[in-house]
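By convention in this document, chain letters (A, B, ...) are assigned in the order of the sequence lines, proteins followed by strands, and residues within each chain are numbered from 1.
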There are 2 protein chains.
Amino acid sequence: MQRRNPEATRRKLLVAARHEFAASGLAGARVDEIAARAGVNKQLVYHYFGDKDAIYLAVLEWVYEEIREQERKLNLEGLPPEAAIRKLIEASFDHLAAHPDFIVLLNDENRGGARHVRGSKRLEAMHSPLVSMVSKILKQGVQNGAFRRGIDPVQLYISIAALSYFFFSNTPTLSAIFGKDLRSPAAQRARRKHVVDLVMQSLRP
Amino acid sequence: MQRRNPEATRRKLLVAARHEFAASGLAGARVDEIAARAGVNKQLVYHYFGDKDAIYLAVLEWVYEEIREQERKLNLEGLPPEAAIRKLIEASFDHLAAHPDFIVLLNDENRGGARHVRGSKRLEAMHSPLVSMVSKILKQGVQNGAFRRGIDPVQLYISIAALSYFFFSNTPTLSAIFGKDLRSPAAQRARRKHVVDLVMQSLRP
DNA sequence: GTGATTGTCAACTGGCTGGTTGGAAATGCT
DNA sequence: AGCATTTCCAACCAGCCAGTTGACAATCAC
């Protein structure tokens with residue numbers, strides 16, 4: 001019998017589950033596979049998390065916590081509005097580039113109507129600071145003449161997310177359609193540049 | 001024994017499969033359920049399509065054909081560049097609004113690396129006319145002074161798709177995050193308006 | 001009308017699945 | 001040291017799953 005380390009065991013299960021759910025979706029993921037990936041006995045999934053849905057939710061909470069953490073670390077205070085929006089767009093793009101599993105997990109969760117997200121007290125408490133940031137930056141930008149009036153901060157937030165998220169989310173089918181590899185560093189650089197450009201040009205007065 | 005109608009049977013199976021794959025993804029969808037939804041004997045799935053993957057691919061080909069059909073019917077010829085882009089954005093938005101299952105099917109297919117799409121001769125032959133359309137419109141717009149120079153048509157095509165697709169794709173989680181129903185007609189109208197606005201403002205010289 | 005082909009039916013099947021059970025042993029507390 | 005609790009192990013299990021099989025009958029072609 002293995003020496004005990006409950007925290008490490010729990011962690012290994014979460015890491016394995018993250019990979020498995022990203023690869024196979026909730027319905028396709030296999031508890032046996034999660035345990036095998038973690039290198040532990042399958043019963044430990046039930047021991048630590050209770051059931052398949054519960055470990056799935058724990059993974060969702062984890063990936064959301066990551067992106068919220070990144071958002072909190074943005075440090076846009078004191079930047080001129082244009083530089084702030086640019087930084088925000090770039091950071092958002094970079095986070096998605098570094099965490100493609102966030103995207104596929106979210107897509108699968110959305111297909112199921114966000115049932116788990118909606119039932120989570122923890123996620124409910126996990127506000128994104130970004131909308132109020134965007135709102136403040138827009139106001140400052142309008143005041144100093146850098147941005148046009150009348151832009152809704154929620155809509156802009158969604159659009160900034162959309163322009164990067166969709167690219168990563170749909171890279172396989174887009175690559176198939178265009179017959180070129182959008183996963184390449186060059187393609188990602190081009191996309192990042194375009195996203196920044198499209199938004200910044202749109203915000204002009 | 002039922003009177004025979006092979007075309008109707010095949011059709012019923014495809015319709016049912018479309019619903020089931022959209023609801024449950026490829027891994028989660030059940031052949032029994034597809035047959036039950038279609039109101040036919042399960043063995044007919046195998047008779048008409050061969051196996052689960054094959055009926056899944058048939059559904060993908062169907063939904064792609066639909067969007068290609070809509071694209072072909074756009075009739076942008078002769079429109080001024082600004083009106084043409086606007087119409088294109090609006091039609092794209094409207095198609096996604098009317099076919100949310102296209103989005104979830106594509107998301108699931110992308111999670112699997114677009115394996116089916118990449119293997120389909122039929123989809124390979126199914127070019128989107130949109131990139132060349134966008135390219136032509138941009139050129140005309142630059143020439144007549146309506147649009148700024150240097151916009152890549154492929155990137156713009158991806159962005160136009162992104163701004164609508166992401167909104168519909170992520171409506172459940174976004175609704176949960178914002179605590180408001182983005183599925184409502186008012187929310188969709190607001191989004192449509194914003195998408196048109198963001199892009200048109202961005203294209204200004 | 002006859003035979004071949006095709007569409008439809010019902011039942012079957014080997015392996016897979018999420019979850020359960022019983023027990024061993026590591027650990028902590030008194 | 002003894003007992004209680006917690007962590008870990010291995011095996012089990014009822015039901016599910018994609019796919020198969022055998023047969024019937026509708027339809028077509030000659």
Side-chain angles (χ1 to χ4, degrees), chain A residues 1-61 105 108-109 111-112 115-116 119-120, chain B residues 1-61 105 108-109 111-112 115-116 119-120:
Chain A
M1 174 135 340
Q2 184 82 297
R3 189 157 216 95
R4 294 175 181 197
N5 190 338
E7 292 191 347
T9 301
R10 193 174 189 281
R11 182 72 187 181
K12 279 190 282 191
L13 282 169
L14 269 175
V15 170
R18 183 172 176 161
H19 283 115
E20 179 64 10
F21 288 126
S24 307
L26 173 58
R30 296 294 174 251
V31 178
D32 278 342
E33 186 62 34
I34 291 167
R37 281 183 191 253
V40 303
N41 185 282
K42 173 172 130 178
Q43 195 271 333
L44 298 183
V45 174
Y46 301 96
H47 175 76
Y48 282 100
F49 297 97
D51 62 15
K52 188 179 175 182
D53 264 20
I55 191 172
Y56 173 76
L57 177 59
V59 169
L60 282 186
E61 286 169 350
L105 287 166
D108 202 50
E109 176 62 8
R111 184 168 53 70
R115 176 165 58 89
H116 300 85
S120 164
Chain B
M1 169 126 353
Q2 183 81 294
R3 189 155 217 93
R4 294 174 176 197
N5 190 338
E7 293 192 344
T9 300
R10 193 174 189 280
R11 183 73 189 180
K12 281 190 280 190
L13 282 170
L14 269 175
V15 169
R18 182 171 175 163
H19 283 116
E20 178 65 9
F21 287 126
S24 307
L26 174 58
R30 295 295 174 249
V31 178
D32 279 337
E33 184 63 34
I34 291 168
R37 283 181 189 252
V40 302
N41 185 283
K42 172 171 131 180
Q43 196 272 332
L44 298 184
V45 174
Y46 301 96
H47 174 78
Y48 283 99
F49 297 97
D51 62 16
K52 187 179 177 183
D53 265 17
I55 191 173
Y56 172 77
L57 177 59
V59 169
L60 282 185
E61 286 169 349
L105 287 165
D108 203 50
E109 177 61 9
R111 183 166 54 69
R115 176 165 57 91
H116 300 84
S120 163

Problem - Base D:dA10 paired with A:Lys42 side chain (donor-acceptor, <3.5 Å) - result: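 When only heavy-atom distances are counted, A:Lys42 does not reach the base of D:dA10 through any donor-acceptor pair under 3.5 Å.
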Problem - Side-chain N,O (A:Thr9) to OP1/OP2 (D:dT7) below 4.0 Å - result: no
Exercise for the section: Give a yes/no answer on whether the side chain of A:Tyr48 brings an N or O atom under 4.0 Å of OP1 or OP2 in D:dC8. Expected result: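 Yes.
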Is any side-chain heavy atom of [X] less than 4.5 Å from a side-chain heavy atom of [Y]?
{"X": "B:Leu13", "Y": "B:Tyr48", "result": "yes"}
{"X": "A:Asp108", "Y": "A:Arg111", "result": "yes"}
{"X": "B:Ser120", "Y": "B:Leu60", "result": "no"}
{"X": "A:Glu109", "Y": "A:Leu105", "result": "no"}
{"X": "B:Ile34", "Y": "B:Lys52", "result": "no"}
{"X": "B:Leu14", "Y": "B:Phe49", "result": "yes"}

Problem - Nearest to side-chain heavy atoms of B:Lys52, which nucleotide of C:dG7, D:dC9, D:dA18 - result: D:dA18
Completion exercise
Taking for B:Asp32 and for B:Arg3 the nucleotide of DNA chain D with the nearest heavy atom, the one nearer the 5' end belongs to B:Asp32
Fill in the blank from the handout: Judged by nearest nucleotide, the residue sitting upstream toward the 5' end of DNA chain D, A:Asn5 or B:Gln43, is A:Asn5
Output the rounded distance in Å from [atom1] ([X]) to [atom2] ([N]).
{"X": "A:Tyr46", "N": "D:dA10", "atom1": "OH", "atom2": "P", "answer": "17 Å"}
{"X": "A:Glu7", "N": "D:dC8", "atom1": "CD", "atom2": "P", "answer": "11 Å"}
{"X": "B:Asn41", "N": "D:dT20", "atom1": "CG", "atom2": "C1'", "answer": "12 Å"}
{"X": "B:Leu44", "N": "D:dT21", "atom1": "CG", "atom2": "C1'", "answer": "14 Å"}
{"X": "A:His47", "N": "C:dA24", "atom1": "NE2", "atom2": "P", "answer": "18 Å"}
{"X": "B:Glu33", "N": "D:dA18", "atom1": "CD", "atom2": "C1'", "answer": "15 Å"}

Problem - Backbone N/O of B:Glu20 and side chain of B:Glu33: donor-acceptor pair under 3.5 Å - result: no
Handout entry: Side-chain donor/acceptor of A:Arg37 to backbone N/O of A:Ala17, under 3.5 Å
Key =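 It does not hold such a pair.
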Problem - Nucleic acid contacts of residues 10-30 of chain A, taken as heavy-atom distances under 4.0 Å to DNA chain C - result: A:Ala29, A:Arg30
Problem - Residue met sooner reading DNA chain C from 5', once B:Arg4 and B:Gly39 are mapped to nucleotides - result: B:Arg4
Handout entry: Salt-bridge present (B:Arg115, B:Asp53; N to O < 4.0 Å)
Key =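 Looking at B:Asp53 together with B:Arg115, the answer is yes, because their closest N to O distance falls below 4.0 Å.
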Exercise for the section: Compute the angle between the rotation axes at the two ends of the helix from C:dG1-D:dC30 to C:dT30-D:dA1, each taken over five pairs, rounded to 10 degrees. Expected result: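 For the helix from C:dG1-D:dC30 to C:dT30-D:dA1, the axes at opposite ends meet at about 10°.
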